[in-house]
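Shown next, in structure tokens, is the structure this report addresses.
Everything numeric here is computed off the predicted structure, so don't read it as measured data. One-based numbering along the sequence shown.
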Amino acid sequence: MSATVSAPDDLAITAARLGIPFQNEVRIEDVDPALLNLLPLVFSRANAILPLREVDGAVRVAVSGATGMLLLDELRLLFGKPVEAVLIPAPILSEAINHVYASISGTAREVLQELQGEDLSTVAIELNNPTDLLDLSDEAPVIRLLNSILSEAVKERVSDVHIEPYERDLLVRFRIDGILYEKLSPPKIIQDALLSRIKIMAGLNIAEKRLPQDGRIRVLVAGRDVDIRVSIIPTYYGERAVLRLLDKKKGILSLADIGLGEHGVRTLEQMLNRTSGIILVTGPTGSGKSTTLYAALNRVNSSEKNIITIEDPIEYQIRGIGQIQVNPKIELTFASGLRSILRQDPDIIMVGEIRDTETAEIAIQASLTGHLVLSTLHTNDAATAVTRLVDMGIEPFMIASSLSAVVAQRLVRIICPHCREEYQPVEQYAGVTLPATLYRGRGCDACFGLGTLGRTAIYEIMPVDQELCSMIIRRAHAGEIKEYAVAHGMKTLRDDGITRAAAGITTIEEVLRVTQDDYADVPL
């Protein structure tokens, strides 16, 4: 790890005046892990002190100001050796402390190996008692295991952690870039203890094991603010938990960052500049629809507009926008919330998902009465969104009058740039014209041997013009609508994906995997 920024002039002057070295970076190879074990992370972070390594019989310590300098004598006693200070800019030192301590923390598998030597039956019994759970120290075995699982999940860019009970064992799986990988298998005996710990952190009822429960956990991992959405359901062999991780440090992306391309950004911006109409984003669960909606809201957000959303759940808080969380327990649904929003004089409305006819009707009425409405729908492609609305009972003339555009999308894994290589395709795929040169990832340390690093979206954008309105009114089927849109310039999901594969962004196998449903032989 190396971070370099321009240092304040007065800090460099201070270092020269004190006669101590000044550095503008901290590299992980300059840090001795043995010294870190002598200095707790809490102390290091609170006092902005990071031990580096021993040089010529003296321990070098990175500090960023007077607080660290005043503690040098105490550090001499701790290390039993002379201590030399090195002055580091505060932002760089803070990042370095988080990074190096995270790099030496034990993996979940290592913690699990340590647990083998402990009396797990005693641990399980103790952790099932609510009083004891609240009083447990951070050194309790199951707490160490859960902390390690979460820390490792953040390091490896995991979106979801699955904790699954079976007859004789417990399985922990990580979802990375949309694919599930088996991580470890803790002993069955700690199952209840592990689930109880998750419930305590999420503020759930640890005594309730027969009903599903949902909650949230907010934790700091290596200085990163991570929001975790917790879902627990009862199964035949015990409770099953899925923890969805949301790294708040990543923030909300712009339209240019989500993979739309220049033409896609221009097309969507034209639609967003309208004062009325409805824009639908479609795709299966986990295809990045919410990210696209947030990017669109970020684009139109201004002090001149009143923007209100109703979501389930609220993933990012956006300053300047009123956001409502759906709560079925008090009958706050998308439909009821949307009715209330219309009495708040909104300019732009975002509905997290159109799930039923009532919500669809209110959203379309809102778009027809001078509001720009953004929402999502679960369909395979853009054209099918029209027929889905008709199937929900919406009159075709209302759809034609209100619908501005439909955006369909999928997420594809990005080839790791550190191990990407070219190859000439040999295998042929029916109905697919392949580029002469394609790319793939070999697998390396940077991508944990997966060959992929992160995800981006592929899109098809279908603006609704006058001819499409006529087709909608006469109830044209989805295949006919799609054929017209393609003939008038719409690039399909698969075509957009093949363009990305030819550019070395993703693999052809990935494109075919995520678009196969769009070419299935289904009735339209």
Side-chain angles (χ1 to χ4, degrees), residues 108 127 130 133-134 136 138 142-165 172-176 180 191-235 238-253 285-286 288-291 293-294 297 308-319 321-334 337 350-353 355 376:
L127 286 175
L133 270 171
L134 294 173
L136 285 170
D138 287 342
V142 173
I143 293 180
R144 294 206 315 272
L145 177 61
L146 181 58
N147 290 347
S148 297
I149 289 172
L150 295 179
S151 298
E152 205 162 340
V154 172
K155 288 182 199 174
E156 297 185 16
R157 305 173 293 104
V158 171
S159 61
D160 301 85
V161 176
H162 291 239
I163 300 174
E164 306 166 358
V172 177
R173 295 197 290 170
F174 283 0
R175 187 180 293 278
I176 303 174
L180 276 169
Q191 174 182 312
D192 289 345
L194 189 60
L195 267 294
S196 293
R197 176 59 184 169
I198 292 171
K199 288 179 182 179
I200 285 292
M201 294 180 71
L204 303 178
N205 181 1
I206 66 171
E208 179 57 74
K209 299 183 180 182
R210 299 169 300 170
L211 295 174
Q213 295 191 72
D214 296 313
R216 299 181 88 97
I217 300 172
R218 186 176 177 182
V219 295
L220 281 174
V221 180
R224 296 163 67 178
D225 190 0
V226 180
D227 192 41
I228 302 174
R229 194 191 314 164
V230 178
S231 172
I232 298 177
I233 61 171
T235 67
E239 291 179 294
R240 174 189 177 120
V242 175
L243 285 63
R244 171 156 290 184
L245 280 64
L246 181 68
D247 189 349
K248 293 189 174 183
K249 188 177 180 181
K250 292 180 180 177
I252 300 171
L253 301 175
T285 301
K289 300 186 297 296
S290 296
T291 300
L293 285 181
Y294 278 119
L297 288 177
I308 304 179
T309 74
I310 179 161
E311 308 171 52
D312 184 25
I314 297 173
E315 295 187 1
Y316 292 97
Q317 288 79 43
I318 309 175
R319 182 176 175 80
I321 295 179
Q323 296 173 268
I324 302 171
Q325 168 72 55
V326 167
N327 188 350
K329 293 179 181 178
I330 57 172
E331 298 183 356
L332 177 54
T333 62
F334 280 115
M350 193 268 270
V351 183
E353 182 183 342
R355 294 178 178 173
T376 70

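Interatomic distance, CE of Met350 versus CD1 of Ile308, reported as 12.5 Å (0.5 Å rounding). Distance check, rounded to the nearest 0.5 Å: NZ of Lys209 to OG of Ser196 gives 5.5 Å. Annotation: the span from Leu245 atom CG to Glu156 atom CD amounts to 11.5 Å, rounded to 0.5 Å. Rounded to the nearest 0.5 Å, atoms CZ (Arg216) and CD1 (Ile228) are 10.5 Å apart. To the nearest 0.5 Å, atoms CD1 (Ile143) and OG (Ser148) are separated by 11.5 Å. To the nearest 0.5 Å, atom CG of residue Leu211 and atom CD1 of residue Ile233 are 12.0 Å apart.
Residues forming a salt bridge (charged side-chain N to carboxylate O under 4.0 Å, His left out) with Glu311 (at least two apart in sequence, or on another chain): none. Arg229 meets the side-chain contact (heavy atoms from CB on, under 4.5 Å) test with Arg244, Pro313, Glu315; sequence neighbours excluded. With sequence neighbours excluded, no residue satisfies salt bridge (charged side-chain N to carboxylate O under 4.0 Å, His left out) with Arg319. For Thr285, the side-chain contact (heavy atoms from CB on, under 4.5 Å) test picks out His378, with sequence neighbours left out. With sequence neighbours left out, the side-chain contact (heavy atoms from CB on, under 4.5 Å) criterion links Asn205 to Ala207, Glu208, Gln213. By the side chain to side chain donor-acceptor pair (under 3.5 Å) test, Thr333 pairs with Ser336, sequence neighbours left out. With sequence neighbours excluded, the residues forming a salt bridge (charged side-chain N to carboxylate O under 4.0 Å, His left out) with Lys199 are Glu239, listed by chain and number. Under the rule for a ring-ring contact (aromatic ring centres under 6.0 Å, His included), Phe334 has no partner lying at least two apart in sequence or in another chain. With sequence neighbours left out, Arg355 forms a salt bridge (charged side-chain N to carboxylate O under 4.0 Å, His left out) with Asp312, Glu353. The side-chain contact (heavy atoms from CB on, under 4.5 Å) test applied to Ala202 returns Leu204, Ile217, Val230, not counting sequence neighbours.
Shown here for Gly238 and Pro165, the closest heavy-atom pair between the two residues is O-CG, 3.5 Å. Tyr316 and Tyr294 make their closest contact through N-OH, 3.3 Å (heavy atoms, listed as atom of the first residue, atom of the second, distance). Heavy-atom minimum distance, Leu332 versus Gly337: CD1-CA, 3.9 Å. Of all non-hydrogen atoms in Ile198 and Leu243, the two that sit nearest each other are CD1-CD1, 4.2 Å. Of all heavy-atom pairs spanning Ile314 and Gln325, the tightest one is N-OE1, 3.1 Å.
Taking 4.5 Å as the limit, every side-chain heavy atom of Leu145 sits out of range of all side-chain heavy atoms of Arg197. The closest side-chain heavy-atom distance from Val161 to Phe174 is below 4.5 Å. The closest side-chain heavy-atom distance from Leu150 to Val226 is not below 4.5 Å. A 4.5 Å side-chain heavy-atom check between Leu297 and Leu293 finds every atom pair outside the cut-off.
With hydrogens and angles ignored, the 3.5 Å screen pairs a side-chain donor or acceptor of Ser159 with a backbone N or O of Arg175.
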